[in-house]
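This is a predicted model, so every value here is computed, not measured. Read the numbers this way: they start at 1 and go in the same order the structure lists the ligands and their atoms.
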Amino acid sequence: MAEGSMHAGNPQRPPVFRFAPSPNGPLHLGHALSAILNHDMAKAAGGRFLLRIEDIDVTRCTPAFEQAVYDDLAWLGLHWETPVRRQSDHIAHYRSALDRLIGMGLAYPAFMTRGEVKAAVAAAEANGAVWPRDPDGAPLYPPADRKLDEPTRASRIAAGNRHAWRLDMAKAVSIAGDGLNWQESGDGETGTIVADAGAWGDVVLWRSDAPSSYHLSVVLDDALQGVTHVVRGLDLFHATAVHRLLQRLLDLPEPLYHHHRLILDGDGRKLSKSEGSTGIAELRGKGFTPSDVRRLVGIVTD
Ligand code: GLU
């Protein structure tokens, strides 16, 4: 394991690590690995360990799941600083960053529903087009809304048309300029990684069904909380390109990144929150100890 191989920039200030779960289901072994790594790496570096509750998705996050996060982490023997930052308490902060991007001409209202996007992509593919996809395999947002003129946008918003806000990626990449990269010390590719944000297309900055978006709130909170080391799963490796782009556009500092291996199920798939068998609470109920969990996720303590 590459613990201890990340170097913090400022020798005067202790490094800051964070575990940032979304309380939309029970924590499983993948979360345990992430939380324990952050906690242990912070401790080894004489740093701080923060817990952040990423609960902007009000349709899926619940107070019961949030309480379960605290219970599971405490049972694992982890100690975090309080008060805990809960994203749902800071929507105005994310909104002001969105307004700044709108003011820079980099965000536009996107009116197409998921169904409409699907239909547009299917129609293009039926005609033999190869529709571009993002690193997670999702089709990029069609360009139509990016081209709407201001009066059309204003009248559709005034008429109450449901919309998200998306980043105009081509414009954002050209304003950000060359040399966008990040320093990586995780379990995949390491060293200086070129940040190809353009591969994600016009990402969502503000959802139509929930305030803010993962990308926007995560970079704002990491900056506001002084996070120096982002330690999280390899499933977020490529998303880091978007985060580096937003950090540059919004003049935010650049943390170091460490994307750790994922815990897979018996079929080689990433664990999901619906799989009770690897849930931390379920293991606790079956009589497993915190040391057993450390062993199960491959962290050797003795
Ligand atoms: N909230 C995200 C999740 O639960 C993690 C975000 C991050 O660590 O950057 O998957």
When you measure from the heavy atoms of Arg18 to every atom of ligand 1, does any distance fall below 4.0 Å?
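Right, Arg18 reaches ligand 1.
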Quick one: does Phe19 get a heavy atom under 4.0 Å from ligand 1?
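No; Phe19 lies far enough from ligand 1 that no heavy-atom distance drops under 4.0 Å.
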Contacting atoms of ligand 1, where contact means under 4.0 angstrom from a heavy atom of [X]:
{"X": "Tyr214", "answer": "6 (C), 7 (C), 9 (O)"}
{"X": "Val218", "answer": "9 (O)"}
{"X": "Glu54", "answer": "1 (N), 2 (C), 5 (C), 6 (C)"}

Would a hydrophobic clustering, with Ile, Leu, Val, Met, Phe, Trp and Tyr connected at side-chain separations under 4.5 Å, put Ile56 with Val204?
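No, Ile56 does not connect to Val204 through the hydrophobic network.
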Would Gln225 and Arg52 satisfy side chain to side chain donor-acceptor pair (under 3.5 Å), going step by step from the backbone distance to the final call?
CA-CA 10 Å; Gln225 297 190 287; Arg52 183 167 73 226; 2.9 Å; yes
Just wondering, are more than 12 heavy atoms of other shown residues or ligands nearer than 6.0 Å to NE2 in His93?
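Yes, because the 6.0 Å sphere around NE2 of His93 holds more than 12 heavy atoms from other groups.
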Looking at Arg60, I want to see if its CZ is surrounded by more than 12 non-hydrogen atoms of other residues, nucleotides or ligands under 6.0 Å.
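Open.
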Any N or O of Leu236 closer than 3.5 Å to N or O of ligand 1
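N/O-N/O distance below 3.5 Å does not exist for this pair.
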Distance-only polar pair, side chains of Thr240 and Arg232, donor-acceptor under 3.5 Å:
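Distance-only check passes for Thr240 and Arg232.
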